[in-house]
Q: 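Provided herewith is a single structure, encoded as structure tokens, for subsequent inquiry.
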Amino acid sequence: MEYDFASIEPKWRRFWQEQLTFKAQNQSAKPKYYVLDMFPYPSGSGLHVGHPLGYIASDIHARYKRHQGFNVLHPMGYDAFGLPAEQYAIQTGQHPSKTTNQNIKRYREQLDLIGFSFDWTRQVNTSNPEFYRWTQWIFVRLFHSWYNRLSDKAEPITTLIDHLERKGTQGLDAVADEHASFTASEWNAFSIKEQREMLLKFRLAYRAETIVNWCPGLGTVLANDEVVNGRSERGGFPVEQRKMKQWSLRITAYAQRLLDGLDTVDWSDSLKEIQRNWIGRSEGAELSFGVQNHDAQIHVFTTRPDTLFGATFMVLAPEHELVEHITTAGQQEDISSYQSYAKARSERERMSETKIITGAFTGAYAINPITKAAIPIWISDYVLASYGTGAVMAVPAGDQRDWDFATHFHLPITPVIQGQDVSEGADERKDGVMINSDFLNGLSVKEAIEEILKRVEEANIGYRKVNYKLRDAVFSRQRYWGEPFPVYYRDDIPFTIDEDKLPIVLPEINEFKPTEDGDPPLGRATHWNWDRDKGEVVENGKGFPLELSTMPGWAGSSWYFLRYMMDGDPAERQKLFVSPEAVEYWKQVDLYMGGAEHATGHLLYFRFWTKFLYDLGFLPFDEPAKKLINQGMIQAEDGQKMSKRHGNVVNPDDVVAEHGADALRLHEMFLGPIEMHKPWNTKGIEGVSKFLRKLWRLFHDGDIVDVSEDEPTKAELKTLHKCIQKVSEDLDRFAFNTPVSALMVAVNELTALKCNKRAVLEPLTVILSCHAPHIAEELWSRLGHPASISEEPWPEANPEFLKDDSLTYPVSINGKTRFHLELPSDMVKEEVEREVLSHEIAQKWLDGKTPKKVIVVIGRIVNVVV
RNA sequence: GCGGGUGUGGCGAAAUUGGUAGACGCGCUAGACUUAGGAUCUAGUGCCGCAAGGCGUGGGGGUUCGAGUCCCUCCACCCGCACCA
């Protein structure tokens, strides 16, 4: 009988499912190992062959670790809240939960076909109230926390209130919206509303009027990472900047720790660089400029305080709040028309037309705090309101954008470093000797920076500052299919709903569009899980409005890895998002597998929430994943992206039906290195199918199992141990393609040797079972073992069997002519090592002449210099 | 522009610390068995050459007895960021 995957594979999948073979135990004497995949969003189009690539690799690794005696946690779940289900609901009226559940069912069927060793008893679904209760709970904690720079961690808001009551803002170093300053008695005199408003400026989850990305096409705001080239990542609709009152998370408080943490994790350099870039740390100073005939102060951020004397003008972002105060009557018209021009210019235009130089003069002059010189204040949209202070001191000699602006508007350009050539453009050199800079003259750039910082700090007109590009993350979405905020309002001040009343279950609504009043879809809800009108959540029997936005898609995925750590005990699951015992046992994810496209989204929020929960003492670690592998994308055969739209989707179900799941697994791994993008190649799968059939024949004579108990020969043992060594080494370094080759070599060699010996085939089956678990399980049971093979000890490669009887060495003389010489390997080890043999041999070849130099590389090559 | 990565046969790719480049698979060629083969098996397959031999890891240079691997430089492609002061 030939290898019949169609009957064998489903049998074993059923077996694993019924026996709960892969159920992880929270109590175990074994060392733990946590292998996690980025869970999928269950979309309507189902899985294509690209999706399982990472799952197969992580599954191979999980199985390998089980063989090595680890207690492996390898779970799977669904990131189930999201836009497509809601868009579909708007079009068809079908409730998103229905669509989502259908899609989940379909995903599960597809995943089940591939033979993954997931522990499904722990699956999570972010749209399940049992799960999002805790997403809401974490939000409540964020709301009731602030970031204390002195302890460098998040603390309960009560410690802040306590401080304010006793000392006001004195001695306080907190991450906050603005630098507020008041005394304890002032604080205590504030009304409750004033106090609450002030606290919002400190909370890690806060609601504020901010400039946000508004997407009219989707009817919602978006976070920065959800906007690509001025368009929404989902749907590709244009996005505009708008000032709106929205919820945000104060991720900026964690900028430095998010940066530092990257040095402690084993992630790819490119991914770390993307995150570093996104966080965008730069060191410099914030300086204050006065305004002529005004009491206003303009704060600027600069990385080159040494060039202060070269600042010949000042530029504010068009939206800068001082613009309206300082603009002179004569310039009012110019400024207003420029502001409306800048406002109308879309983000996209602005990005694509960076060469066009525009701006307007306010008529006002800033006073250089050191020289007291007056310099004109302009506005231009090359200065971004969202970065730094929204204002720059323009140094046209050293900055190309400033140079362009100065040249265009005929503003002076003063070089401040000796030899700076500003005739054709800015000279952005970062070293040299200062000129035209009064007391800085003659100093090096480095010295000048120190000197000027000393002076501005003494004069209290500026201070050293580290600035980050990272912005706070907008956290509310005007959508239905997401976690409702556990928030209600009194007098427009947000209050959280008590933790013991969670979850706030998503209410049923009849239509998923925004309301006629422009409220989010939740405005249509009449029945929440409490009666809004009766106002159960608030005092005095009076109803208060609830927050109508929902959380963004990345809320649930920022902490889901913790929920998997919980086993099924319902009482424990009710107590906390993860039990202290479970998190203490499982700790960090040991291997996280997923796409690099989440670099600036999920992977940043995921780290942020972990650090936050660590600060509050819920976790014993502050980085979620020790090792991360970004699997590449599988493209269609033409190199295009596989998608429903292109009609080039290869469905794994079809591949499994035609070739079997093991062949699919082997083939996906065999395509190339896991991190690389590669096209799907249909033809190539024949190769691995052939391999499986050959393997099967090694164990069989016709229909019957034919395995010999004879002692293996040296050659057979060599083949086996070579293979064990290669597969083990490769899996240790997370290479998933080369073990397939090693297994193929072994099977080819054993076939040629006609080796059907148990002592060889058994260990071979074990090392095969990571990549091709179904056939391995079947062969294992045919060898007379009770199932399952999954925890069989991994065989050791014995170097004894890897030695060659004799080796042939190429020998070159003067690096040119080559001889080949055959030597017994023992001899090489003992003799060549001492360079004795090589001299003798060399002399033999050189007709008795003594070689000058003999280079010996043990076991490899001999080169002779005459 | 800045940052990260990649470049090896007709194709996907191996080569772990510098040590016989191209393992393994696809494709191709020839042969065997077959009524048949898109099944199976055997042999061959980097390029040029009848051969001896020569040339070969994007180009050029360097270090070394020896370089796909290390250094310098240039080129091409991919990914990320992009007026970040």
Q: Under 4.0 Å, heavy atoms only, any strand: does A:R471 hit a base, just the sugar-phosphate, or nothing?
A: nothing
Q: Looking at every strand, decide which applies to A:K690 at a 4.0 Å heavy-atom threshold: base, sugar-phosphate, or nothing.
A: sugar-phosphate
Q: Between A:H598 and A:H602, how do the two ring planes meet: parallel, tilted or perpendicular, split at 30° and 60°?
A: perpendicular
Q: Taking O4'-C1'-N9-C4 for purines and O4'-C1'-N1-C2 for pyrimidines, is B:G7 syn (within 90° of 0) or anti?
A: anti
Q: Using the P atoms only, state how far B:G19 lies from B:G27, rounded to an integer number of Å.
A: 32 Å
Q: Classify the nucleic acid contact of A:S741 as base, sugar-phosphate or nothing, counting any heavy atom under 4.0 Å across all strands shown.
A: base
Q: Quick one: is A:N681 getting a side-chain N or O under 4.0 Å of the B:G27 phosphate, OP1 or OP2?
A: no
Q: Tabulate protein N/O versus nucleotide N/O from nucleotides 13-18 of chain B, keeping only pairs under 3.5 Å, one per line.
A:
{"residue": "B:A14", "atom": "OP1", "partner": "A:N737", "partner atom": "ND2", "Å": "3.0"}
{"residue": "B:A15", "atom": "OP1", "partner": "A:R733", "partner atom": "NH2", "Å": "2.9"}
{"residue": "B:U16", "atom": "N3", "partner": "A:E729", "partner atom": "OE1", "Å": "2.2"}
{"residue": "B:U16", "atom": "O4", "partner": "A:E729", "partner atom": "OE1", "Å": "2.4"}

Q: Can you confirm whether the side chains of A:Y605 and A:D225 place a donor and an acceptor under 3.5 Å from each other?
A: yes
Q: Name the stems with RNA chain B in them: runs of three or more consecutive Watson-Crick or G-U pairs, distances under 3.5 Å?
A: B:1-7 with B:75-81, B:10-12 with B:24-26, B:27-32 with B:40-45, B:46-48 with B:53-55, B:58-62 with B:70-74
Q: So A:K722, base contact, sugar-phosphate only, or nothing? Heavy-atom distance under 4.0 Å.
A: nothing
Q: Using a 4.0 Å heavy-atom cut-off across all strands, classify A:V315 as base, sugar-phosphate, or nothing.
A: nothing
